[in-house]
Amino acid sequence: MELRAKPPWLERLFPWKQHSRIVNGRRMAFIDEGERAGRPVLLLSGNPTWGYLYRDFIEPLVSAGYRAIAPDWIGTGYSDHPRVDAALTLAHHIADLVSLLDQLDLRGFVIVGQDWGGPQGIGAALRRIDRLGAVVLMNTWLFTDLISKFHASPKPWTTWHAPIIGQYFMKRHKVLSHNGPRAVSRRGITEIEARAYHHVYDEPDSDHVVLTWPRTIPMRENDRGWLDMRAIQNRLPDLANTPVLLLWAPEDNVFPLEFGRRLKELLPHAEGPLTFDRARHFLQDDRGPDLAAAILEFLNRRLGAPR
Amino acid sequence: MNWIVPEPEELSCLRGDPLLWEQELDVRPGVAEALERAVGQRAGQVFWRSDHDHLYSLQLADLGAGRPSMARVFGWWDRWEPRPPEHQIDADLMAFLLWVAETADLGPVYVSQVAQRAGIPFGWPAGSVLRTPEERFAALPGFSYEPKFVEIEGLRMAYVEAGAGDPILMLHGEPAWGYLYRHMIPHLAAAGRAVVPDLIGFGRSDKPCACNAYTYRSHARWLRKLLVALGLERITLVCQGWGGLLGLRLVGQMPERFARVVAMNTGLPHGDGCAEAFRRWRSFSQRQDFLDVAKLVRNSLGRARLTDAEASAYQAPFPSREYQTGAIIFPRLVPTYKDDPGVYENRKTIERLRGLGLPVFLAWGEEDPITREGEAMLRALFRNASPTLWVPRAGHFVQEDAGEEIAVKIRDWMWSHP
C-alpha cells in the first residue's frame, strides 16, 4: 500500500516528499530532507498536528547541513490511521519511533519535541540513549507530578474527552482536530493553513488518535499513560550528558511557563527556558523561523556546525 | 491450546498490541459457543505463548448476547521496543487460527489452503537474511574443524564439534564466534563431545538484517531449538560473555538437559544497573560505522597476542556493516533497568538456578572491568561452586588469554564431578 497522495493545494504549503517505513506493522510517513550524512534532527509534533507544523524549520536546518526528519505519529498526518484505540497508547508511539530510529540507523540524532512530541520523543531516545545527540523541548512535559490547569478543567478539556461524551465532541464534531490549531493560533492562521492541519482527519473515523491522546494524559496513578510517563521521568537522569535546550511560549495555557521551570528542575543542565512571546501552544506555527534560528544556534554551538 | 497466566510483573513490561478484532461473533453463534467452551469463559482474557516464545492473548466479551460476541487477539511485546518480525507474528496467528478452526469446526484444512492461496509468506522475506561467503573462512589459523549446519526457524545455524560422549556446549559472546574456543576444544574433546555453535548474527551462522530480529529472547529461543534439534542431553555448559547470559537462561529453562555449568567472565543481569566500563563500551558500540572486531578483541586481551591472521579470523564473519546488525545490537540488549526487556525472565532464571544444585566451575579473567561483578553474583547464586579460578593478566576473552590452562582445569574438574 502506498502513502496517500498529497492534494495539489497542499503542495505549495508543504512541498517536501513524504517517505515511509512500516513500523510495528503500520505505515509511518516522514519528511526526510537534507544530506544523508548530516546530523539527523527529528521534528516531533503533538495532538492534533502533524509534520506540517514544522514547515518553517526544514529549510533552515537543511541549508545549515542538518538532515531534517519530520515523522507523522501513527494515527496522524500521512501515516496510517488505525481505527482501534489500543494501537495508539503511549508505549505504542514510543515503540513506533524506536522502530523508525532503528530502520533509518540514525546516530547522533537530535530530538525536537513539543506537546506529545516531548514524552514520545524522549521515551524513544531513552531506549536508544547511546545514539542521542541533543534534545530541544518546547511547551511539553515529561513528568507526572505537575498537572496543567487546562488539563484538569472541564471547560473544555475533560469534557472534550470524557467517556462517551468525548466521542461526540471529538469525533462526531471534530472540535479539536478541525478547530484546535485555528482556535489556538496567536497570529491567526488562514483558511488554507487550517485545512492543511485538519484535512488528514476529514475522513470519518480517521481521528482516533485525537481522542486517545487526551485520554492518555496521566493525571493520577493507574491512569492510562501513567506507567510510561513515570518510567520516562525516572530515567531523565540518563540525559545528564546530553545537551538540552528549553524553548517556551509563556502565553500557552496548556503548558504555561511553570512546566518549563519544572523541566529545568529535572534537567538542571538544560539551557533556557528561552521564552518567545507572540506565541501560544503551537509555537512552531506562531514563531517558526525564530525558533528554528534558536535551535540552529544551540546545535552549532553545542555539537559543532555540520559545515 | 496451552493457556497460561502471566504474572502482573511480566505484563507491566509489555504492551498489548491489537492484531485482530472481530465484533460480530454472533453471526455464527456456534463459533462463539465453541470458543466459550474451549476458553472456559464468555468474557475475559486468556494468554498463550507461541512457538516463537511470543505472548498472545484472546479477549472475549459478551455484548449481551449471552455468549461471547466479541473477540480480540493481542500480541504482547516488550513495552517500548519494536515488535518482532511480521512473518513470525503471521505464523503465530496462523497457528492460533488453525486452533480456532479446529475448536469451532470451521475446517483447519480450508484455513491453510486459503492462506496458501493468498500467498502469505511465513518465512524471512527475500533478501532480509545475509550469509557470510564461505571463502571468508578459508585458512583459519588453528580452527580447521568442518562446519556443520542446522536450520532453525529458517536460519542456518553453524557449529563445529570434536570428540565423543556427553556434549560440552561452548557458547561465545559479543562480538566473537566459535573461533574463540579453538585453544579449548582439543582439551575438552578428551572429556566429551565439544559442540561449539555460532550465535545467529555471528560466525558462519545466518545474519538477519532487521534490528527487531535480535532480542535476548530470540537468541535464547534459537539456542534452545538448536539443543533440541541436536538432541543434546547431559550437557556441560561452557560459556563466557553473552554466551553466559544466554546459556544460564537456557539452564533455567530446560534444567533437565544440563549436567554441569562452567561460567567465565559473564553474568545474569537483572535490572540493577551495570558497570561503568560496560556503559562506555555500549555507548561506543552504538556510535560506530563499523565494528573493528579484530581490534576490539586485541584490546581486550591481557597476556595473549594475536597474529594478524588470528585477528582477521575474528573479522571474517563481517565483510561489511550490513553483516553486523546483530553484533552492533548486542550491547544494548543487556538489561540494565528493572523494566528492561529480559529482566523478568532473568529474575525467574535466577530463582530456578538457585534450587538446581548442579556442579559449577567459575573461571574469571582478572583484568575484565565489565564482568567483575558477575563473579560475585554467580558465586552467591551457585553456593556449591568450586573456588573461582582467577586468571591473572587475562581479560574479557579468557579463552584467548588462558584457553589451554582453563580447559585442562575444566577437564580435570569434569572427571572429578562425573
Side-chain angles (χ1 to χ4, degrees), chain A residues 21-26 28 37 74 82-109 119-120 122-133 208 212 222 224-232 234-235 237-238 240-242, chain B residues 11-23 57 59 72-90 93 125 209-214 273 278-289 321-322 324-325 328-329 331-333 336-341:
Chain A
R21 284 283 196 285
I22 302 290
V23 296
N24 295 311
R26 300 171 187 97
M28 181 179 247
I74 297 298
R83 280 145 210 253
V84 51
D85 294 349
L88 298 164
T89 66
L90 177 46
H92 271 87
H93 288 304
I94 290 173
D96 292 342
L97 186 60
V98 172
S99 178
L100 188 71
L101 295 174
D102 280 359
Q103 291 185 55
L104 299 182
D105 196 14
L106 301 181
R107 278 166 287 161
F109 61 81
Q120 293 172 185
I122 297 302
L126 290 168
R127 303 303 305 168
R128 296 291 181 267
I129 188 77
D130 297 312
R131 294 183 165 211
L132 178 63
H208 278 243
T212 53
N222 295 328
R224 195 185 288 181
W226 177 276
L227 194 154
D228 300 288
M229 193 68 93
R230 205 58 223 171
I232 290 168
N234 289 341
R235 290 192 191 194
D238 281 7
N241 298 320
T242 306
Chain B
L11 279 183
S12 73
C13 298
L14 305 175
R15 74 175 194 279
D17 189 10
L19 298 171
L20 304 173
W21 54 101
E22 170 72 60
Q23 307 202 327
S57 71
Q59 207 181 59
R72 306 213 281 175
V73 177
F74 287 83
W76 293 82
W77 323 125
D78 293 326
R79 195 165 177 101
W80 299 288
E81 289 291 318
R83 76 189 196 186
E86 294 302 313
H87 72 271
Q88 292 178 2
I89 301 176
D90 276 323
L93 286 177
C209 305
C211 297
N212 59 346
Y214 300 93
F278 173 76
R279 201 181 294 279
R280 276 200 302 275
W281 148 242
R282 190 186 63 189
S283 177
F284 168 84
S285 69
Q286 297 310 300
R287 288 159 193 263
Q288 297 307 299
D289 276 324
R321 181 182 172 86
E322 290 71 55
Q324 290 192 323
T325 308
I328 286 179
I329 284 173
R332 71 179 192 226
L333 297 183
T336 56
Y337 278 99
K338 68 173 166 39
D339 47 12
D340 273 347

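Among B/Glu86, B/Arg279, B/Arg282, B/Arg72, the residue with the largest count of heavy-atom pairs under 4.5 Å with chain A is B/Arg282. Ranking A/Gly123, A/Pro82, A/Ala86 against chain B, the residue ahead of the rest is A/Ala86, based on heavy-atom pairs under 4.5 Å. Most heavy-atom pairs under 4.5 Å with chain B, from the set A/Thr89, A/Leu97, A/Asp96, A/Asp105: that is A/Asp105. Contact count against chain B (heavy-atom pairs under 4.5 Å) is highest for A/Ala91 among A/Ser99, A/Ala91, A/Ala231. No other option in B/Cys211, B/Pro18, B/Ser285 has as many heavy-atom pairs under 4.5 Å with chain A as B/Pro18.
In this structure, B/Arg332 contributes its side chain and A/Arg128 its backbone to no donor-acceptor pair below 3.5 Å.
Using a cut-off of 4.0 Å between Lys/Arg side-chain N and Asp/Glu carboxylate O, A/Asp228 and B/Arg15 are scored as not salt-bridged. Salt bridge annotation for A/Arg127-B/Asp340: present, with a cationic side-chain nitrogen under 4.0 angstrom from a carboxylate oxygen. Using a cut-off of 4.0 Å between Lys/Arg side-chain N and Asp/Glu carboxylate O, B/Asp339 and A/Arg230 are scored as not salt-bridged.
With a threshold of 4.5 angstrom between heavy atoms, A/Leu132 approaches chain B through N, CA, C or O but not through any side-chain atom. Contact of B/Phe284 with chain A is not made at all, since no heavy-atom distance falls under 4.5 Å. Heavy atoms closer than 4.5 Å to chain B are found in both the backbone and the side chain of A/Val98. Proximity to chain A involves both the backbone and the side chain of B/Arg79, based on heavy atoms less than 4.5 angstrom apart. If you measure heavy-atom distances from B/Ile328 to chain A, the contacts under 4.5 Å come from the side chain alone. In this structure, the portion of B/Trp21 lying under 4.5 Å from any heavy atom of chain A is its side chain and not its backbone. In this structure, chain A has a heavy atom under 4.5 Å from the side chain of B/Arg321, while its backbone stays farther away.
The distance from atom CG of A/Asn24 to atom CD of B/Glu81, rounded to the nearest 0.5 Å, is 10.0 Å. Atom OH of B/Tyr337 sits about 3.0 Å away from atom CG of A/Asp238, to the nearest 0.5 Å. Atoms CG and NZ, on A/Asn234 and B/Lys338 in that order, are 6.5 Å from each other to the nearest 0.5 Å. Going from atom CH2 of B/Trp80 over to atom CG of A/Leu90 covers 9.0 Å, rounded to the nearest 0.5 Å.
The two residues A/Arg131 and B/Gln286 make their nearest non-hydrogen contact at NE-O, 3.3 Å. In plain terms, the two heavy atoms of A/Asp102 and B/Pro82 that are nearest each other are OD2-CG, 4.0 Å.
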